[in-house]
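Have a look at the structure below, then the notes.
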There are 2 protein chains.
Amino acid sequence: MTPDPYGVRPDSAVRRPASIKDVAAAAGVSPTTVSHVLSGNRPVNEQTAARVRSVVNRLGYVPASLARSLQAGATSVIGLLIPDISNTFFAELAKGAEDAAHDLGYGMILCNTEFDADREDRYLGMIRSRFIDGMVYASGSPPSRRRLEALMGKFPIALADEEVEGLEGALIATADHEAGGRLVGEHLRQLGHRRALMLTGPRALKSSVARAQGFVRAFRGEVVERVGDFKEASGHRLVARLLEEGGLPCTAVFAANDLMAFGALTALTEAGLSVPGDVSVVGFDDIRAASLAHPPLTTVHQPAYDVGRTATAQLLQYVSRGEVPPASRHTLPVELKVRGSTAPPAR
Amino acid sequence: MTPDPYGVRPDSAVRRPASIKDVAAAAGVSPTTVSHVLSGNRPVNEQTAARVRSVVNRLGYVPASLARSLQAGATSVIGLLIPDISNTFFAELAKGAEDAAHDLGYGMILCNTEFDADREDRYLGMIRSRFIDGMVYASGSPPSRRRLEALMGKFPIALADEEVEGLEGALIATADHEAGGRLVGEHLRQLGHRRALMLTGPRALKSSVARAQGFVRAFRGEVVERVGDFKEASGHRLVARLLEEGGLPCTAVFAANDLMAFGALTALTEAGLSVPGDVSVVGFDDIRAASLAHPPLTTVHQPAYDVGRTATAQLLQYVSRGEVPPASRHTLPVELKVRGSTAPPAR
DNA sequence: TTGTAAGCGTTATCAC
DNA sequence: GTGATAACGCTTACAA
């Protein structure tokens with residue numbers, strides 16, 4: 001077999017995938033023309049174009065997006081940084097983000113941090129090394145402000161779900177946590193409750209504080225607060241402890257998320273109390289299990305999908321023009337889902 | 001201000017991020033040396049190295065990973081193709097995949113298809129355009145064999161969770177669906193059940209068929225089969241129809257996934273039947289809601305995380321060496337979780 | 001110990 | 001309507 005001076009063989013015996021040069025050589029045109037046939041960026045003689053296309057098919061040529069990106073100075077890929085994709089809230093958020101990215105022809109790298117700072121650092125590094133064009137940041141915990149500070153304003157970042165203290169000048173999409181708390185307060189008040197136990201999330205989270213504030217404001221009754229950590233176990237522990245210490249000081253429990261509400265529910269049931277007969281319970285988030293539980297949980301529906309979608313769409317609006325997004329806030333409405341876990345207080 | 005012949009300014013007024021040339025010029029060395037200082041690929045004089053490092057810091061230089069990838073011929077990014085990230089099964093699988101990718105320094109693009117063929121095509125295109133080094137494929141529905149065929153064997157792909165008919169020569173990690181069905185069959189038989197209703201998934205899915213086969217084989221009683229689609233509504237519909245048509249022909253229901261089991265549960269409750277008093281119900285998957293439901297659902301725990309992790313780790317083992325993975329099967333063990341929805345049949 | 005130059009595979013600019 | 005050539009920003013022979 002004679003050597004192949006151009007490194008091009010027509011059959012599939014070639015290991016290296018065909019490049020634009022291979023196509024050009026085989027079609028007897030320049031790489032420039034091949035490029036334009038494929039991109040339509042300038043008119044090409046129909047005969048030439050047809051010939052090029054046929055070679056493209058024969059060689060199975062697909063442009064290397066890497067080279068394209070290098071030339072373009074952008075990758076059409078963004079990152080989504082979240083703490084835990086197996087948490088349904090973040091999964092919904094991710095779905096919204098992915099949809100928005102897909103709509104604009106962007107890919108999305110899943111940056112699951114497991115609350116690990118090193119891991120978060122590594123992923124944020126992708127933006128510095130310009131492998132991604134931007135980042136949707138939903139850390140879900142009091143975020144590492146220092147790390148973000150270095151990036152925001154210089155790189156395209158959008159905050160989703162959770163604000164970052166001290167980073168007011170940001171693009172952010174979040175649910176209306178305060179209104180959610182208020183809806184619960186009004187609901188319980190209307191049912192006739194006057195004394196409630198509020199299980200909050202970590203104090204460092206603005207969303208957590210907002211939920212509690214909205215609730216206290218609208219409930220206008222006596223509220224005992226206990227600080228949890230958004231995990232089922234903490235809801236269980238806090239309620240169980242109060243029961244041991246001489247009974248619940250209230251007729252209703254508002255947990256700042258569904259997981260803690262489930263923990264509370266279990267603790268109450270274990271103590272022989274019935275829900276909502278003896279105590280009403282309300283959650284926040286409306287995760288899938290909420291409607292499936294027994295009794296079905298009254299809770300605040302968070303538009304997780306929309307939060308992800310909005311943050312991403314906003315981010316891309318600027319990224320696609322090569323701009324760093326300005327400060328801008330999008331507060332999304334929440335909805336109270338009244339189910340079986342709330343009722344008027346026992347007399 | 002005098003013009004800057006190298007296009008380099010020490011302050012942050014420069015728009016364009018610093019390149020390796022900028023660093024080299026500012027440090028008075030060649031780009032080669034800068035490269036080697038950073039990569040450690042060849043010894044560099046300590047003084048020179050220190051000078052380079054200081055310039056790197058001052059300019060905030062971060063190597064463009066794009067250029068690096070182009071040169072290396074690989075991106076250190078893979079794709080994970082799934083139908084629906086908001087489904088907890090795939091979210092868990094994604095978590096496992098992400099963990100495995102992260103461990104080996106790979107990034108992962110989330111390819112959420114929503115069962116949409118065009119979307120799947122677009123994402124598979126990333127592998128042809130070599131933007132990703134490989135793909136973990138978990139389509140969750142009878143996959144588009146023709147599309148995959150064109151890729152498998154030529155590109156690095158691993159199948160997760162679901163086999164693809166006709167593509168036996170693949171790298172695949174899957175749960176032991178057949179054993180899961182068997183465990184349920186044995187469990188119900190031991191409880192004393194002799195007549196069961198089996199709600200299967202789509203016939204085209206091998207996993208679905210395997211679950212049913214395992215069950216029928218181990219149950220050794222009378223089994224009525226109805227075909228569903230893995231959605232809650234179909235479980236509800238199938239059971240409700242049988243109830244209307246004159247009652248259930250059985251004392252136990254085995255649904256091929258938890259969602260359908262919940263649908264069945266609801267239909268039974270609506271008809272005034274108690275679970276497990278009148279009818280036992282078993283699911284498959286062990287999604288989060290399973291243990292939270294009332295009654296807690298007896299179900300088969302699928303190692304979704306491990307499926308994702310295993311498939312990805314296997315894929316990367318070959319990808320990282322630039323090889324296309326060989327045919328190889330990894331069957332992961334499942335576990336029966338006996339909860340409150342099963343009991344001996346009423347006499 | 002260091003530098004020069006040739007790639008990697010595109011697209012943009014400019015010229016014909 | 002088409003083509004040379006120079007970028008994009010890096011790594012790596014090959015040379016000194």
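Computation of the quantities below employed the complete heavy-atom set of this structure, encompassing side-chain atoms and omitting hydrogens, waters and symmetry-equivalent molecules. Here is how names work: the chains are called A, B, and so on, in the same order as the sequence lines, proteins then strands, and each is numbered from 1.
Here the side chain of A:Asp22 pairs a donor or acceptor atom with the backbone of A:Ser19 at under 3.5 angstrom. Between the side chain of B:Glu92 and the main chain of B:Tyr305, no donor-acceptor pair closer than 3.5 Å is present.
No donor-acceptor contact under 3.5 Å links the side chain of A:Ser35 to the base of C:dA12. Within 3.5 Å, no donor on the side chain of A:Gln71 pairs with an acceptor on the base of C:dG9, nor the reverse. Between the side chain of B:Arg42 and the base of C:dT1, no donor-acceptor pair of N or O atoms lies under 3.5 Å.
A sub-4.0 Å separation between OP1 or OP2 of C:dT4 and a side-chain N or O of B:Ser30 is absent. Distances shorter than 4.0 Å separate none of the side-chain N or O atoms of B:Ser19 from OP1 or OP2 on D:dG9.
In this structure, CG of B:Leu38 is placed 13 Å from P of D:dT12, rounded to the nearest angstrom. Rounded to whole angstrom, the span from the CG atom of B:Leu66 across to the C1' atom of C:dG9 amounts to 11 Å. The NZ atom of A:Lys21 sits 6 Å away from the P atom of C:dC8 (whole-angstrom rounding). Nucleotide C:dT1 holds its C1' atom 13 Å from the CD atom of B:Gln47, rounded to whole Å. Taking atom CG of A:Asp22 as the reference point, atom C1' of C:dT10 lies 13 Å away to the nearest angstrom. As a whole-Å value, the separation of A:Asn41 CG from C:dT10 P is 15 Å. Here C:dC8 presents its P atom at 12 Å from CZ of B:Arg130, a figure rounded to the nearest Å.
Of all heavy-atom pairs between B:Thr75 and B:Asp133, the closest is N-OD1, 2.9 Å. The shortest heavy-atom contact between A:Ile109 and A:Val77 is CG1-CG1, 3.7 Å.
When each of B:Arg51 and B:Leu70 is assigned the nucleotide of DNA chain C with its nearest heavy atom, B:Arg51 is the one assigned upstream, toward the 5' end. If B:Asn45 and A:Ala18 are placed on DNA chain C by their nearest nucleotide, the residue sitting closer to the 5' end is B:Asn45. Nearest-nucleotide positions on DNA chain D for A:Ala67 and A:Gly28 put A:Gly28 closer to the 5' end.
For the residue pair B:Thr174 and B:Asp161, no side-chain donor N or O sits within less than 3.5 Å of a side-chain acceptor on the partner.
No engagement by A:His36 is indicated, since no non-hydrogen atom pair under 4.0 Å with the nucleic acid exists. B:Thr48 comes within 4.0 angstrom of sugar-phosphate atoms only, judged by non-hydrogen atoms across all strands, and of no base.
Each of C:dT1, D:dG3, D:dT11 was ranked by its minimum atom distance to the side chain of B:Arg68; first place goes to D:dT11. When each of C:dT11, D:dT2, C:dA12 is scored by its nearest atom to the side-chain atoms of A:Ile20, the top-ranked nucleotide is C:dT11. The B:Thr32 side chain lies nearest to C:dA5 when the options are D:dC10, C:dA5, D:dC8. Ranking C:dG9, D:dT11, C:dT2 by closeness to the B:Val44 side chain, first place goes to C:dT2.
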* Derivation and outcome, side-chain contact (heavy atoms from CB on, under 4.5 Å), residues A:Arg309 and A:Gln314 -> CA-CA 8 Å; A:Arg309 184 170 187 106; A:Gln314 287 291 317; over 6 Å; no
